[in-house]
Number of protein chains: 2
Amino acid sequence: MGKNLVIIGGGAGGASTAAEAKRNDSSLNVTILQKGKFVSYASCPTPYYIGDLIKDHTKLVARTPERFSRDGIDVQLDAEVINIDSTKNVLDLKDGRHFQYDILVMATGTSAILPQMTGIDLPGVYALRNLEDAIHIKSWLRKRNAKRVVIVGGGFIGLEMSEALHAAGISTTIIHKDALPANRWDAALSSLMLEELQTHGVQFVAHASAQAIEKRTEQNLRVITDKGAFEGDMVLLAIGVRPDVQLAKSIDLKIGKTGAIAVNFAQQTSLPDVYAVGDCCEAFHKVSKSWVNIPLGDIANKQGRVAGRNIGGKPLTFEGVVGAQSFRLFNLECAATGLSEKEALYAGYTPVSNITWGSAMAPALGMRKIGLKLTADKSSGKLLGAQAVGVADVVGRINTLSVALWAGMTLDEISYLDLAYAPPFSAAWDIIHNAAQALRRTM
Amino acid sequence: MGKNLVIIGGGAGGASTAAEAKRNDSSLNVTILQKGKFVSYASCPTPYYIGDLIKDHTKLVARTPERFSRDGIDVQLDAEVINIDSTKNVLDLKDGRHFQYDILVMATGTSAILPQMTGIDLPGVYALRNLEDAIHIKSWLRKRNAKRVVIVGGGFIGLEMSEALHAAGISTTIIHKDALPANRWDAALSSLMLEELQTHGVQFVAHASAQAIEKRTEQNLRVITDKGAFEGDMVLLAIGVRPDVQLAKSIDLKIGKTGAIAVNFAQQTSLPDVYAVGDCCEAFHKVSKSWVNIPLGDIANKQGRVAGRNIGGKPLTFEGVVGAQSFRLFNLECAATGLSEKEALYAGYTPVSNITWGSAMAPALGMRKIGLKLTADKSSGKLLGAQAVGVADVVGRINTLSVALWAGMTLDEISYLDLAYAPPFSAAWDIIHNAAQALRRTM
């Protein structure tokens, strides 16, 4: 008889863990307990499903329960764990069932942070946490033939949603607490994002705080803010997420400074035989040298595979992350990696930064504007972070710099990196070279 | 009185050397001797100038002689050096003038390799080596209202020219010695290039050898090959270039195995006070650990800046290259970095390769086909090279892998690199991760 591996949560991290563990040790009895009706789906493309750029929600599902079953993995849907007895290794479900485990994996993901105000429970007020939310939102918009949605929060989910809804012919109003969208980016770069929003008819309400949501008619909701009231057929709350660690706390798993479950490089928690993967746990940041919580699907996939390898007896460590992230905003590519100046200071560096403007192609061929901000450490000359916004080939450049960060390169080294030059793709000195040299000169 | 720095050749490498040397040591008397009528121009965009995607040739000129003059640098045009006396440090020019130097820089670039056949001197038969050639070609095509050009050679210059001429409404026939264009790329990838050529009406004649060029009418030339005769209003010879080392040999500079001028990491040749930069000299290849000759403008720029720093008294070494290169072919991005299997074998590795097919975006959002070939060393697990062809975001991925090569990463490390994931730009596991893991599994 093999050991019982039970995984709480069937998102990207949990599903990857299950598949990889079983692949490496076929004797394992693997069970995924999923609170909702879908398992092994990608959360990141849900805005594009809502905007109907992806027609069918089944396209977001990597593996169906049937597929898992063929691989010898048992998937239980509508299976909400309400209690863990970590001395007897028993899980209690809301529906009264119990599961015995030898190895437990926490893959509980995140919860949406909801603003403290009246009206957030009204019909037509949604947060986007998972595929079921996305299905409900799309259905609500269609049934009401919605024309406008009010989005509370101008982070990258709010921005992606404004683009996706625009594609579906729905206008949006974004209520945002700061002057510019995507706070993590430098103001000079997020100014471009604001222009892009305005070019596409998105109403961006800056320095605004939502105070209440009211129902005006059957069809119409109104968000009251300190900058006026804004109406729409739906309200999306997108102010952020936090790791879902309620069950983890109930069994006294060590929680890191970030509020997410602390893990080691093998994805093990503070309890023997309990692992954690994905948005609910931390990852080591190779630049800040500290443990962080970055809820992104690609990290969850990697952690799941690492946990699965370790559980399946083929040890592997997860080296960590450098903070690479990106999103599209209409015709703009927005991407960042490493540390912002604030994060760099907090991590103990002496950051210096500058912004370089250039083109994603040889200037003689045309201008495809890119702004690239680099942050480096004054003492060591090492790159600490990069942010970029532009009309093309931004993500590729940020990934190039992500590898430079991963390898701990200095600005001097980056200044002379061999990159694949051709006039349609860059100038002979790429903006990466120019930015590194320009920042180096200021030091 | 400062020293006399004389630079033979005013292309990218020579012009960079001049500017950087003067910037670092303003006491230098800097002279650029340029055989032709233009200095400090970019050669790589010349196909796009011919195709009229760049209207004006002055857009290709980074610095005019007037600009150099303002910076205290003397530019002599139509100044062909025919003899060097390296004991007296004197240069003799074709027009009878003489120049005295203390420090000499060889930036003599390349010569076109011309096929051995009759007719290559006919009017309307061109090679594309420099801006003057490009101006002559464009003028020839316009005056004759050309409809078709026969290109001998299906390497990247021939391919870029077929695209550029297509943009100008001119059809092309490519005569190529092998089955597929761009021999350096794997057949599976260059097959995509062939399809792309055919989609755009380019006639690709495979396994063909040009044997003679004949003049049919005032307007019409005919290229005779072993696969038939092909007519056009112009013939472009694009079978390759070789480093121009005639003057270097005349003063017994050490020539490397590649046939280019041997230099050290400071761009110094075997003679004291003689430097070499750009296409006429070698560069250290960080993957093969050998000296190579890769005639590309971005490398020439870097070497020029390094030479200028050393001449100007601010020492800097040129660490070398990893073989990154790219070109656009209609709607395809084609890029490569590192070593091909053949080069890897020659360099002493035990190469293993595979090709992975994927999409430049999340599959649920759509297919933007990319093929990625990775080559790694069986003993160390290190990446040795990568080649890719696809409709989008190919160059960015090859640059990402170029940095991985630069840092000497293994497939295991590349398999878990943190890259900026968002559905419009990649799947949660990027094709880079998938390819590295797939190749690792075969080892």
Side-chain angles (χ1 to χ4, degrees), chain A residues 12 42 44-45 48-49 53-54 59-60 160 286 296-302 306 318-328 333 335-337 362-366 393 395-404 406-407 409 413 416-426 428-430 432, chain B residues 12 42 44-45 48-49 53-54 59-60 160 286 296-302 306 318-328 333 335-337 362-366 393 395-404 406-407 409 413 416-426 428-430 432:
Chain A
C44 306
Y48 307 103
Y49 163 71
L53 296 164
I54 299 169
K59 290 228 170 187
L60 301 187
E160 284 184 343
K286 287 170 72 80
L296 288 174
D298 57 324
I299 300 174
N301 272 300
K302 291 180 186 118
V306 169
F318 182 53
E319 277 205 48
V321 300
V322 294
Q325 54 188 287
S326 65
F327 64 93
R328 187 178 69 190
E333 293 187 15
T337 189
L365 257 186
D393 297 337
V395 173
R397 285 180 167 86
I398 288 295
N399 282 340
T400 301
L401 290 167
S402 292
V403 181
W406 187 282
M409 288 186 183
E413 202 164 2
Y416 284 83
L417 281 175
D418 189 16
L419 303 176
Y421 160 58
F425 309 123
S426 74
W429 289 102
D430 191 78
I432 288 176
Chain B
C44 307
Y48 307 103
Y49 162 71
L53 296 164
I54 299 169
K59 290 230 172 185
L60 301 186
E160 284 183 343
K286 288 171 71 77
L296 287 174
D298 57 324
I299 299 174
N301 272 298
K302 290 180 187 118
V306 170
F318 182 52
E319 276 204 49
V321 300
V322 295
Q325 55 189 287
S326 65
F327 64 92
R328 187 178 69 190
E333 293 187 15
T337 189
L365 258 186
D393 297 338
V395 173
R397 285 180 168 86
I398 287 296
N399 282 339
T400 301
L401 290 167
S402 292
V403 181
W406 187 281
M409 288 186 182
E413 203 164 2
Y416 283 84
L417 281 175
D418 188 16
L419 302 176
Y421 160 59
F425 310 122
S426 75
W429 290 102
D430 191 79
I432 288 176

Contact origin within B:Leu296 toward chain A - heavy atom pairs under 4.5 Å: neither
B:Val321 versus chain A, the contacting section by heavy-atom distance below 4.5 Å: both
For chain B, find which of [options] contributes the most heavy-atom pairs closer than 4.5 angstrom.
options: A:Ala336, A:Ala407, A:Pro45; value: A:Pro45
options: A:Pro363, A:Ala428, A:Pro423, A:Gly297; value: A:Pro423
options: A:Val322, A:Asp393, A:Leu417, A:Leu53; value: A:Leu417
options: A:Arg397, A:Lys286, A:Lys59, A:Glu333; value: A:Glu333

Against chain B, label [X] side chain, backbone, both or neither, depending on which of its atoms sit under 4.5 Å from a heavy atom there.
X: A:Val403; value: both
X: A:Glu319; value: side chain
X: A:Tyr49; value: neither

Test side-chain contact (heavy atoms from CB on, under 4.5 Å) applied to B:Trp406 and A:Asp418, step by step: CA-CA 8 Å; B:Trp406 187 281; A:Asp418 189 16; 4.0 Å; yes
Closest heavy-atom pair and its distance - A:Ala420, B:Ser326: O-OG, 3.0 Å
For chain A, the option from B:Ala324, B:Gly396, B:Ala42 that forms the most heavy-atom pairs under 4.5 Å: B:Ala324
For chain A, the option from B:Met409, B:Arg328, B:Gln325 that forms the most heavy-atom pairs under 4.5 Å: B:Arg328
Separation of A:Phe425 CZ from B:Ile398 CD1 (nearest 0.5 Å): 11.5 Å
Value rounded to 0.5 Å, distance of CG in A:Asn399 from OH in B:Tyr421: 13.5 Å
